[in-house]
Amino acid sequence: MRTVEVEKVKYFFIESLPYLRVTLLYVTVSLVIGFMIGAGIVCLRKSRIKILAAIASLYVTVLRCTPSIVLLFLVYYGLPAMLGGRVGDALNRMSPVFFVCITFSLFIGASSSEVIRSAYESLRAGQREAGLSVGMTELQTFWFILLPQMVKRAIPNIGNMIIFLMKEGALAYTIGLRDVLGQAYYLSARSINVYAVDMYLALTLIYWPVSLAIEKLFHILEKKMDPAKARRSLRKLSGGVA
Amino acid sequence: MNIDYSFIVSALPKIAAFLPVTLKLTVVAFAVAFAAGLLMALAINRRIKVLSPLCRIYMSLIRGTPMLLQIYVIYNLAPYAAAAFIEKAGLDINVYDIDPVWYAYIALSLTASVSVAEAVRAGMQSVHQGQREAGLSMGMSESAVFIHILFPQVICAAMPVIGNIVVDLIKATSLAFMMSVTEITGEAKILGGDVLRYFEAYLCVFVIYIVVIAVVEKMMHLLENRMSVYRRGVHSST
Amino acid sequence: MKWNKVISTVLIVSSLTGILAGCGTDAQQSASSQADDGAAVIQVVAPPNNYPLAYTDDEGNRTGYEIEVMRKVDELLPEYTFVFNEAEQDAAFTGLSTGKYQIAITNSFYTEERAENYNIPENPMGASPCGLVVTKDRADVTTLDQASELKMSPAPVMPGDGLAYQLEQYIAEHPDAGFELTYSSDPNVFVDCLSLVAEGRYDFAFFPGNYYDALVVAEDGDLHMLNDTLSYKRTIPVDTYPIIAKGEDDLTEKVSGALKTLKDDGTLEELSVEFYGFNVFEVLE
Amino acid sequence: MLKVQNVKKSFGTNEVLKGVSFEVDKGDVVAVLGASGSGKTTLLRCLEFFERADSGHMELGDLSVDLHVHSKKTARQIRQKTAFVFQNYNLFENKTALENISLGLTAGHGLSKKEAEKIAAAALERVGLSDRADYYPCELSGGQQQRIGIARAVAVNPDVIFFDEPTSALDPELVGEVLDTIKALAKEGTTMVIITHEMAFARDVSTKVIYMDGGVIVEQGPPDVIFTKPREERTRKFLARFIQDFDYVI
């Protein structure tokens with residue numbers, strides 16, 4: 001087995017890094033759209049109309065079982081074929097990033113609906129009544145009291161989702177999309193994978209710091225979102241007495 | 001998109017024949033991951049001097065690197081290192097006789113062990129500190145308190161997340177094929193490759209996943225109900 | 001409660017794919033839209049990197065034996081304009097059956113089942129030159145029969161590619177074959193099998209001749225250090241064909257005719273020497 | 001029976017206990033009174049080693065322990081000789097009422113399962129909850145849970161039982177049943193140290209009263225002295241509300 005060549009590692013690092021833009025693009029787009037879908041599903045599941053609730057919960061179960069490659073193919077190849085005709089051809093000319101975003105948005109839609117539901121359920125029942133009792137409307141209560149608390153509880157999961165999405169990049173490579181992972185594989189495959197070790201090392205140098213940064217960012221976000229808890233833990237250190 | 005249904009019908013049983021391999025991979029990898037995850041969670045919570053920072057670094061490394069890299073290190077690099085070491089040590093064990101399934105167990109358990117550790121730590125947060133003090137005040141040792149009181153409550157709190165970990169593990173076993181361990185996705189790729197019907201082959205895997213995951217979720221649900229009986233009580237109304 | 005969810009899921013999924021199938025078929029014919037100069041645009045797909053058959057050179061333009069052959073075919077057929085796409089093998093063939101692509105060039109060989117699922121032209125576009133790689137101390141082993149008698153273990157192969165096919169054919173024809181096949185989808189397996197054989201992890205590997213020369217024999221080859229431990233014996237190459245979407249019959253006819261012309265006027269031989277370093281067809285006879 | 005000398009404890013800069021000493025003889029029922037923040041709970045938690053005191057010494061029967069420097073083993077030995085009843089009951093949520101009591105005996109004191117269950121059943125009988133043996137804490141009212149907490153403490157037959165405001169987390173109508181249980185224990189001669197706000201209970205049942213304020217014991221003595229003519233001004237002010245019921249003023 002060859003030893004690692006620093007020159008090669010540098011080469012992979014520099015050549016692949018610019019493609020991090022593509023990864024971050026589809027990660028953010030998928031998260032935003034995904035959470036919208038997730039919120040929609042949570043509302044659907046709570047709706048009184050039985051069929052809608054059943055379809056929504058079915059969507060979540062099916063998505064949990066779908067291997068990502070199947071959904072990607074269904075979206076990338078199935079969608080244009082299903083729409084057919086002019087729209088189909090237009091879709092066919094679209095770049096793969098568009099389809100990767102749709103696929104991951106559907107996935108995040110399913111997992112985020114679980115996160116939102118558990119965050120909503122963990123709120124103490126009284127919060128909503130309290131908001132209404134002081135004369136706020138349903139929307140104001142949701143916006144000022146319920147949403148901040150839900151976001152606070154959902155934050156750790158969002159961090160995990162981002163890291164999960166970044167790692168799924170290898171999937172996009174199969175339909176020719178070059179994100180940072182795809183570009184690294186492509187470069188390594190060009191030299192018939194002889195320098196796989198160096199490529200993987202370069203990828204670690206890109207992925208690990210980014211995921212550490214995300215973990216740190218969400219840690220700070222969590223603290224900032226919950227000043228009370230932060231203050232309480234501070235007070236505990238300084239000797240609060242029972 | 002013309003789906004070749006005849007291929008699906010003929011390939012499904014052949015692919016399903018490899019389900020035992022997938023299930024074995026899932027069960028063993030989960031067992032290893034659960035034990036490792038639990039130990040890591042304890043080490044970090046108890047702030048054990050050397051072990052706790054080590055676990056934290058391990059967890060951030062495993063979370064921060066793609067699964068394919070982890071597989072490459074375990075399947076390609078580890079055996080070479082072992083072979084070189086064995087040659088130097090003069091032993092004559094042939095590293096390459098090891099069945100690749102063992103590499104798959106280790107690779108699959110890495111990420112799962114980190115998720116278990118996180119789930120257990122979240123579970124520990126939800127158990128009231130008073131439970132531990134009550135146990136100690138009865139003269140019980142720390143380990144007795146953990147085994148009888150804390151552990152059951154922590155696991156019960158972590159059950160929903162552990163359910164997700166098992167489902168993710170089932171889907172992750174498809175990566176074992178990169179370590180030349182043929183399970184359902186591997187067989188699907190082989191059959192698909194012969195007749196160039198990859199999408200239909202993946203659909204078979206999808207159908208099998210639906211059934212398996214539905215069964216697993218049902219089991220996890222029953223297990224969770226049995227474990228959390230103390231939260232609902234057995235007598236109708238109090 | 002859970003059980004009816006499973007059953008309804010399976011129903012939903014199959015009906016979903018049913019719908020896809022329904023409207024997919026008619027879109028099949030009209031897929032090749034009109035290019036600006038009236039010629040029909042044909043989408044050709046090849047894996048992002050399948051050196052030396054389809055890859056992007058350092059200047060960043062697509063080249064390789066199969067790409068250049070298709071460019072030559074495009075020149076011979078004014079009524080078509082070829083556009084090249086990139087996708088891995090499993091994505092490529094999914095795209096072929098959904099009408100996104102019309103031709104797939106993935107160093108694929110001919111089998112009856114494949115011919116039922118797709119259109120495969122009469123004339124091949126080339127041949128994938130293969131050979132047996134063994135350690136020097138077993139250089140006497142030059143054929144699969146010998147390897148089978150000595151119960152030598154083969155390195156893992158990638159499912160669905162030409163190398164795997166040859167071994168599968170051998171095992172199909174010799175049920176008492178001394179070795180079994182192991183598969184792996186790890187892209188690194190391909191080049192690793194040389195080091196694996198040199199290390200003794202496996203007894204022999206099936207490897208394309210041109211790669212072997214480029215990697216091991218050539219002075220500046222990346223695995224040149226294995227040159228004195230490994231020995232290579234070329235075997236009969238397997239014919240490779242472009243795989244064309246089912247129903248594109250006139251396209252298949254025309255491409256087959258063009259390939260025949262290119263074979264007769266020696267263009268294929270030139271490209272073979274250019275990309276493989278030797279004339280694949282000569283060994284074929 | 002129990003001697004506590006010069007217990008000091010501060011959390012960061014906030015000095016909570018400024019050297020507290022007191023003694024408890026066999027059969028004594030010591031009521032510890034004081035406003036919240038006076039350090040009463042911290043004192044008890046230090047004696048049970050839930051907090052590590054900065055300094056101080058404790059003697060229980062033949063065991064003597066430095067409250068700051070002590071090994072886990074000695075801490076466990078002390079805990080085996082004492083028992084603790086918590087403000088919010090802290091019953092083991094995953095165990096039934098009977099198991100809550102028997103677990104302390106088996107895992108905590110090494111008794112056999114059969115013997116432990118016999119004692120546990122007797123303890124349940126003592127607090128009048130035998131019919132709730134296989135109920136889980138979530139199925140019991142606050143009062144019932146606290147009485148089982150007491151049964152759990154009594155079952156190990158400790159030298160002394162520490163009570164940390166056993167009734168303040170209860171609804172008013174449930175306070176009575178818990179106080180009656182403690183009264184019954186006092187009558188049987190159980191040694192107890194009870195932090196409480198129930199002045200009437202402290203006056204009627206305790207054999208000694210300790211008034212704490214600002215981390216020190218302001219005054220300690222028999223209830224009939226403390227509740228009628230307390231020596232210290234702060235004690236009188238603290239008990240002022242209560243003393244009026246005796247309608248005579250010093």
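Note on naming: letters A, B, ... go to the chains in the order of the sequence lines (proteins, then strands), and numbering restarts at 1 for each one.
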Applying a strict 4.5 Å limit to non-hydrogen atoms, the region of D/Phe86 in contact with chain B is side chain
Open item on the list: Counting only non-hydrogen atoms closer than 4.5 Å, does D/Leu91 touch chain B with its backbone (N, CA, C, O), its side chain (CB onward), both, or neither?
Closed with: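 Answer is backbone: N, CA, C or O of D/Leu91 sit under 4.5 Å from chain B.
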Region of B/Arg231 that comes under 4.5 Å of a non-hydrogen atom in chain D: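 For B/Arg231, the backbone is the part near chain D, not the side chain.
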Ordered numerically, the heavy-atom neighbours of chain B under 4.5 Å found in residues 110-134 of chain D are D/Asp134
*Name, in order of residue number, those residues of residues 46-69 of chain D that have a heavy atom at a distance of less than 4.5 Å from a heavy atom in chain B; otherwise write 'none'.*
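Heavy-atom contacts from residues 46-69 of chain D to chain B are D/Glu48, D/Phe50.
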Please report the interatomic distance CD(B/Glu133) to CZ(D/Arg79), rounded to the nearest 0.5 Å.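 It is 9.0 Å, given to the nearest 0.5 Å.
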dist B/Met227:CE -> D/Asn94:CG (nearest 0.5 Å) comes out at 9.5 Å
Does NZ belonging to D/Lys95 count more than 12 external heavy atoms closer than 6.0 Å?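 Buried by this count: over 12 neighbours within 6.0 Å.
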Quiz item: Is any residue of residues 135-159 of chain B within less than 4.5 Å of chain D by heavy atoms, and which ones?
Solution: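 When heavy atoms of chain D are the reference, residues 135-159 of chain B contributes B/Gly135, B/Leu136, B/Ser137, B/Met138, B/Gly139, B/Met140, B/Ser141, B/Glu142, B/Ala144, B/His148, B/Ile149, B/Pro152, B/Gln153 within the under-4.5 Å range.
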With under 30° as parallel and over 60° as perpendicular, where do the rings of D/Tyr135 and B/His235 fit, or are they tilted in between?
parallel
Could you go through residues 149-161 of chain D and list every donor-acceptor pair under 3.5 Å that involves a side-chain atom there, pairing it with any protein atom two or more places apart or in another chain?
from     : atom 1 : to       : atom 2 : distance (Å)
D/Arg152 : NH1    : D/Asn90  : O      : 3.2
D/Arg152 : NH1    : D/Asn100 : OD1    : 3.2
D/Arg152 : NH2    : D/Tyr89  : O      : 3.4
D/Arg152 : NH2    : D/Asn90  : O      : 3.0

Okay, side chain of D/Glu139, backbone of B/Arg232: is any donor-acceptor separation there less than 3.5 Å?
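No, the answer is negative, given that no donor and acceptor are paired below the 3.5 Å cut-off.
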